[in-house]
Amino acid sequence: GDPRRYRTREEEAAWREKDPIGRVKGELKRLARWTEKDDRAARAEAKRRVAAAVKFARASPDPDPATLEQGVWA
């Protein structure tokens, strides 16, 4: 869905290589301290947490419009 008006695929790929999560995961794999099983488990846990957060948000009442400006600092 991204029309690529601001960044090229090449620029995105270059920055993806600098991604700290991917770099740490690669180093842990190189050191044999991270396996595909670990990766699957971490991804499943992340999906579970996101699903729980979405469920909580959908079940929560809408905020009172009168509180719109509370906690806003400029």
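Model, not experiment: these values are computed from the prediction. The figures here come from the full heavy-atom set of this structure, side chains too, leaving out hydrogens, waters and symmetry mates.
A salt bridge does not link Asp19 to Arg23: none of the charged nitrogens lies less than 4.0 Å from a carboxylate oxygen. The existence of a salt bridge linking Arg30 and Glu27 is confirmed by a sub-4.0 Å separation between a basic side-chain nitrogen and an acidic carboxylate oxygen.
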Tell me, with the steps shown, if Asp64 and Thr67 meet side chain to side chain donor-acceptor pair (under 3.5 Å). CA-CA 6 Å; Asp64 181 355; Thr67 65; 5.6 Å; no
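When all heavy atoms are compared, the tightest approach of Trp73 to Gly71 is CD1-O, 3.5 Å. Taking all atoms of both residues into account, the shortest heavy-atom contact from Lys25 to Asp39 is NZ-OD1, 3.0 Å.
Here the straight-line distance linking atom CD of Glu11 with atom CZ of Arg16 works out to 11.0 Å at 0.5 Å rounding.
No more than 12 heavy-atom neighbours from other residues, nucleotides or ligands sit within 6.0 angstrom of CD1 on Ile21. Counting heavy atoms of neighbouring residues, nucleotides and ligands inside a 6.0 Å radius, atom CD of Glu69 does not exceed 12 of them.
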